[in-house]
Student: 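Okay, here's the structure, questions in a sec.
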Amino acid sequence: MNINKNDLISVVMPTYNRGHIIERAINSVLSQTYTNFELIIVDDASNDNTSEIVNSYEDNRLKFIRLKENTKGTKPRNIGIQESKGKYIALLDSDDEWKPAKLEVQLDYVKKYYGT
């Protein structure tokens, strides 16, 4: 299947106090073989070093939104989806990580079986 590299994928990552492990999740997105994505990280008002870690990345595909008050996890994912510009949305928790070809394989599958 020939993947259209123009299809933007929005990766939404909600987070809260994951400064000690969020780099692993971010790096797994930035290392994808499919590179036409935006990574939207929505921080639910962490009180650790999450914002410092995220802000240390210099990649124009990364967008960081920090909420002023903790919502107990009810809003970050939805805010990320609302802010997304992609044709497709992929969700990743900040304590997880992807294999390098995850987006490419998933997009290929969607296009093959759903024709979008």
Student: Mark yes when over 12 heavy atoms from residues, nucleotides or ligands other than E52 sit less than 6.0 Å from its CD; otherwise mark no.
Tutor: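 Yes, the 6.0 Å shell around CD holds more than 12 heavy atoms from other groups.
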
Student: In chain order, what residues pass the salt bridge (Lys or Arg N to Asp or Glu O under 4.0 Å) check against E97, with sequence neighbours excluded?
Tutor: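 For E97, the residues satisfying salt bridge (Lys or Arg N to Asp or Glu O under 4.0 Å) (neighbours in sequence not counted) are R24.
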
Student: With a 4.5 Å heavy-atom cut-off, do I41 and I22 have their side chains touching?
Tutor: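 They are in side-chain contact.
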
Student: For S10 and K85, work out which heavy atoms get closest and say how close.
Tutor: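 Answer, listing the atom of S10 first, then K85: OG-N, 3.3 Å.
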
Student: Go through Y57 and N27 one step at a time and tell me if the side-chain hydrogen bond (donor to acceptor under 3.5 Å, both in side chains) criterion holds.
Tutor: CA-CA 10 Å; Y57 284 87; N27 291 338; 2.8 Å; yes

Student: Would you call S28 and L92 a side-chain contact if the rule is heavy atoms closer than 4.5 Å?
Tutor: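 In contact.
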
Student: Hey, what else clusters with I65 if you join Ile, Leu, Val, Met, Phe, Trp, Tyr whenever side-chain heavy atoms sit under 4.5 Å?
Tutor: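 So far as hydrophobic clustering goes, I65 is joined with I40, V42, L67, I79.
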
Student: Find out whether M13 and V54 are in side-chain contact, i.e. whether some heavy atom of one side chain is under 4.5 Å from a heavy atom of the other.
Tutor: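 Side-chain contact under 4.5 Å: no.
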
Student: Using a strict 4.0 Å threshold on nitrogen-to-oxygen distance, state whether D44 and K75 make a salt bridge.
Tutor: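 Answer for the salt bridge query: no.
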
Student: Kindly determine whether N47 and N17 satisfy side-chain hydrogen bond (donor to acceptor under 3.5 Å, both in side chains), including the steps that lead there.
Tutor: CA-CA 6 Å; N47 55 24; N17 284 346; 3.0 Å; yes

Student: When you look at D7 and K111, which way does the salt bridge (charged side-chain N to carboxylate O under 4.0 Å, His left out) test go after all the steps?
Tutor: CA-CA 11 Å; D7 287 337; K111 288 185 173 291; 2.5 Å; yes

Student: State plainly whether the residues K63 and E83 are in salt-bridge range, i.e. N to O under 4.0 Å.
Tutor: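 Salt bridge flag = yes for E83 with K63.
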
Student: Search all heavy atoms of T71 against all heavy atoms of P76 and return the closest pair with its distance.
Tutor: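 Distance-wise, the nearest heavy atoms are OG1-CD, 3.4 Å.
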
